[in-house]
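The first residue in the sequence is number 1, and the count goes up from there.
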Amino acid sequence: MAGFVGLMLPSGYRGAGRAPFARFVVVEELLSAGAPVAAHRIAECQSAPFLLKLGTNKQCRRQIP
């Protein structure tokens with residue numbers, strides 16, 4: 001997805017480290033083009049933050065990128 005997945009994730013995990021507004025803009029554009037965004041939301045808003053908060057460094061390095 002041209003680097004658009006992981007916009008809000010830390011750059012240390014190959015994310016862009018951007019603010020939530022950047023993600024909002026990208027999702028709105030994807031939706032207007034008819035692109036599916038469910039996997040994008042699950043990865044960036046549910047799975048990755050959960051791992052960042054409760055996972056070990058090893059788990060984060062393996063799963064998030």
Side-chain angles (χ1 to χ4, degrees):
M1 280 210 10
F4 294 130
V5 174
L7 283 173
M8 297 187 327
L9 298 177
S11 59
Y13 295 108
R14 296 194 321 210
R18 302 290 301 266
F21 184 73
R23 183 185 176 284
F24 171 77
V25 171
V26 169
V27 170
E28 286 296 311
E29 290 299 318
L30 289 171
L31 287 170
S32 70
V37 295
H40 184 271
R41 174 167 168 58
I42 291 168
E44 190 165 12
C45 295
Q46 295 175 351
S47 301
F50 178 78
L51 280 170
L52 286 170
K53 184 174 182 177
L54 300 173
T56 65
N57 285 334
K58 184 178 178 181
Q59 289 171 326
C60 291
R61 284 192 311 270
R62 181 173 173 227
Q63 298 296 327
I64 293 177

Identify all side-chain donor-acceptor contacts of residues 10-21 below 3.5 Å with residues at least two apart in sequence or on another chain.
none

- Message: Membership question, hydrophobic clusters at under 4.5 Å side-chain separation (ILVMFWY): are V25 and L9 in the same one?
- Response: no
- Item | Same apolar cluster: L7 and F24, side chain cutoff 4.5 Å | no
Contacts table for residues 45-52: side-chain donor-acceptor under 3.5 angstrom, sequence neighbours left out:
unit_1	atom_1	unit_2	atom_2	d
S47	OG	I42	O	3.4

Exercise answer: donor-acceptor pairs, residues 53-63 side-chain atoms, under 3.5 Å, sequence neighbours excluded:
unit_1	atom_1	unit_2	atom_2	d
T56	OG1	Q59	N	3.1
T56	OG1	Q59	OE1	3.4
Q59	OE1	T56	N	2.8

